[in-house]
Amino acid sequence: KLNKLINLLNERKLTDVLESKIKEIRPDVVHSFVVYLSGVPILAVMDKFPDLKWILSTWGSDLYYYRQLPNYLEEIKNVLPEIDYLFTDCHRDQQIARENGFQGKFLGVFPGGGGYDLTGLEQYLVPFENRNTILIKGYQGKHGKCLEVLKAIAGLRSEFENYEIVIFGAAPEVSDHIEASELKQWNNLICLEKLTHQEVLKLMGRALIYIGNSSSDGMPNTLLEAIVMGAFPIQSNPGGATAELIEDGKNGVLIEDPTDVQELKNILIRAINGSQDLKAGVAYNFEYIRPMLDWNRVREQVLEKYKLIESEI
């Protein structure tokens with residue numbers, strides 16, 4: 001209740017300040033990042049300036065998950081018809097936006113984090129032949145499904161005994177599960193909680209396989225980081241977003257049911273028993289996908305989109 005009250009007061013302050021600043025600055029456009037947290041609260045203000053163009057960027061679960069909740073969807077449907085320009089982090093969300101009222105111009109798909117400094121990250125890349133780490137994203141809760149991955153590997157101790165297993169960003173439920181299960185006895189398993197972004201990238205740079213499992217997401221930033229840093233990705237595919245980059249069995253593996261422990265176990269066995277060509281998948285990602293994630297390339301493309309908007313104002 002206290003949180004709701006604080007949010008209500010903050011939103012009132014936000015709308016007052018935004019309206020004042022629009023009158024003061026007289027901007028060409030307003031750019032909102034994610035629809036529910038930054039679009040919905042300012043709709044009433046934007047309605048007061050009908051000639052002011054409005055850009056929206058969506059990513060993650062912003063549309064995919066929240067459209068399933070009636071109260072959220074109602075407010076999302078109020079905002080989307082007012083949006084003039086749209087950026088997304090996956091093609092799936094453009095379609096969702098269209099289905100729920102967006103009628104403006106779609107500006108393209110871009111990584112939510114803006115891309116990566118590929119040259120600067122070269123120092124963290126361990127040669128493929130020297131990699132022996134299986135890296136698991138430790139998110140749990142509303143969307144994260146790390147526990148299902150841990151349950152899948154629990155019965156595969158002999159298969160994994162020659163690998164280092166690292167769980168990063170571990171939620172409390174994940175740490176508790178490890179402490180209460182046989183995984184606590186695995187001396188090749190490391191559980192890490194809070195890490196800096198640079199530390200995550202370093203881990204990716206020495207990982208052989210990266211596993212990310214969730215029931216809702218857009219194009220996962222950690223998937224992109226795995227690709228950039230040369231780890232073979234095994235990633236859930238909510239709504240088909242991941243399949244926009246990953247061809248199952250070629251340059252990664254898609255988890256179609258993030259709650260199916262047996263499916264996860266089968267995927268992991270194939271990944272480490274040699275039936276999956278990890279090296280070829282990583283090589284494909286390096287040649288065809290990694291260059292698209294270069295920060296300078298993304299920056300140039302986004303600036304071109306802003307120039308397009310400027311030309312239409």
Side-chain angles (χ1 to χ4, degrees), residues 60-61 63-69 90-93 96 133-161 163 165-184 186 188-189 191 204 207-227 231-278 281 285:
S61 295
L63 290 177
Y64 180 72
Y65 174 75
Y66 289 101
R67 68 185 166 86
Q68 304 174 61
L69 308 179
C90 60
H91 289 285
R92 179 202 68 195
D93 284 356
I96 293 174
T133 298
I134 296 174
L135 190 61
I136 302 171
K137 187 174 182 178
Y139 286 13
Q140 190 62 34
K142 182 186 292 183
H143 305 311
K145 300 298 178 186
C146 177
L147 290 183
E148 281 72 12
V149 178
L150 298 184
K151 292 173 184 176
I153 70 171
L156 301 172
R157 186 168 186 174
S158 61
E159 288 86 347
F160 283 92
E161 63 183 357
Y163 296 92
I165 300 171
V166 178
I167 302 158
F168 73 98
E173 304 98 309
V174 171
S175 301
D176 292 345
H177 176 81
I178 292 171
E179 285 296 311
S181 72
E182 63 183 77
L183 294 172
K184 185 180 180 181
W186 290 28
N188 62 330
L189 187 147
C191 186
M204 293 284 191
L208 176 66
I209 295 170
Y210 162 72
I211 305 168
N213 193 37
S214 65
S215 59
S216 180
D217 206 342
M219 187 62 69
N221 283 330
T222 42
L223 167 67
L224 303 183
E225 289 156 6
I227 290 171
F232 183 86
I234 297 175
Q235 179 69 54
S236 51
N237 185 38
T242 304
E244 295 175 19
L245 282 187
I246 301 299
E247 183 178 342
D248 188 41
K250 181 177 180 178
N251 62 324
V253 175
L254 300 176
I255 302 168
E256 294 299 350
D257 184 351
T259 65
D260 188 336
V261 173
Q262 186 59 50
E263 179 195 350
L264 289 164
K265 182 180 288 189
N266 294 339
I267 287 171
L268 294 174
I269 290 172
R270 289 197 301 271
I272 64 175
N273 71 2
S275 62
Q276 183 73 58
D277 193 339
L278 306 182
N285 287 336

Worksheet entry | For F168, all residues meeting ring-ring contact (aromatic ring centres under 6.0 Å, His included), sequence neighbours excluded | none
Worksheet item: Please walk me through it: do I178 and I167 pass side-chain contact (heavy atoms from CB on, under 4.5 Å)?
Response: CA-CA 10 Å; I178 292 171; I167 302 158; 3.5 Å; yes
Worksheet item: Heavy atoms, side chains only, cut-off 4.5 Å: are I153 and L183 in contact?
Response: yes
Worksheet entry | Neighbour count above 12 (heavy atom, 6.0 Å) for Y64 OH | yes
Worksheet entry | Approximate separation, where rounding is to 0.5 Å, of E173 CD and L150 CG | 11.5 Å
Worksheet entry | Shortest non-hydrogen contact between C191 and A170, atoms and distance | SG-CB, 3.4 Å
Worksheet, complete the sentence: Taken in chain and number order and not counting sequence neighbours, the residues that satisfy ring-ring contact (aromatic ring centres under 6.0 Å, His included) with H177 are none
Discussion item. Return the CD1 to CD distance between I234 and Q276, rounded to the nearest 0.5 Å.
Written reply: 7.5 Å
Fill in: 4.5 Å side-chain heavy-atom contact, I136 and C146
yes
Worksheet item: Passes side-chain contact (heavy atoms from CB on, under 4.5 Å), L268 versus I211? Steps please.
Response: CA-CA 9 Å; L268 294 174; I211 305 168; 3.3 Å; yes
Fill in: Atom pair CD1/CD of I267 and E256 - distance to nearest 0.5 Å
8.5 Å
Worksheet item: So do Y210 and I227 actually touch side chain to side chain, heavy atoms under 4.5 Å?
Response: no
Discussion item. Donor-acceptor pair, distance only, cut-off 3.5 Å: does the side chain of Q140 make one with the backbone of L147?
Written reply: yes
Using a 3.5 Å cut-off and no angle test, enumerate the donor-acceptor pairs between side-chain atoms of residues 243-251 and protein atoms at least two apart in sequence or in another chain.
| unit_1 | atom_1 | unit_2 | atom_2 | d |
| --- | --- | --- | --- | --- |
| E244 | OE1 | H91 | N | 2.7 |
| E244 | OE2 | H91 | N | 3.1 |
| E244 | OE2 | R92 | N | 2.9 |
| D248 | OD1 | L254 | N | 2.8 |
| N251 | OD1 | E247 | N | 2.7 |
| N251 | ND2 | L245 | O | 3.0 |
| N251 | ND2 | N285 | OD1 | 2.8 |

Item to complete: Indicate yes or no for a side-chain donor-acceptor contact from T242 to the backbone of S236 under 3.5 Å, with no hydrogens or angles considered.
Response: yes
Fill in: Minimum-distance pair of heavy atoms, taken over all atoms of P258 and N213
O-ND2, 2.9 Å
Worksheet item: Can you name the ring-ring contact (aromatic ring centres under 6.0 Å, His included) partners of F160, sequence neighbours left out?
Response: none
Worksheet entry | Any residue meeting salt bridge (charged side-chain N to carboxylate O under 4.0 Å, His left out) with E179, in chain and number order, not counting sequence neighbours | K184
Practice prompt. Would you give the length of the straight line joining atom CD1 of I255 to atom OG of S215, rounded to the nearest 0.5 angstrom?
Written response: 12.0 Å
Worksheet entry | From CD1 (I96) to CG (L63), nearest 0.5 Å | 6.0 Å
Worksheet item: If you round to the nearest 0.5 Å, how far is CE of M204 from CG of L223?
Response: 8.5 Å
Discussion item. Name the residue from L135, N188, I134 that meets the side chain to side chain contact (heavy atoms under 4.5 Å, CB included) definition with V166.
Written reply: L135
Worksheet item: Would M219 and L224 satisfy side-chain contact (heavy atoms from CB on, under 4.5 Å), going step by step from the backbone distance to the final call?
Response: CA-CA 8 Å; M219 187 62 69; L224 303 183; 3.9 Å; yes
Fill in: Donor-acceptor pair, side chain of E263 and main chain of D257, under 3.5 angstrom
yes
Practice prompt. Would you mind reporting whether L156 and I272 have side-chain heavy atoms less than 4.5 Å apart?
Written response: no
Practice prompt. Output every pair passing salt bridge (charged side-chain N to carboxylate O under 4.0 Å, His left out) with a member in residues 140-158, not counting sequence neighbours, ordered by first then second residue.
Written response: none
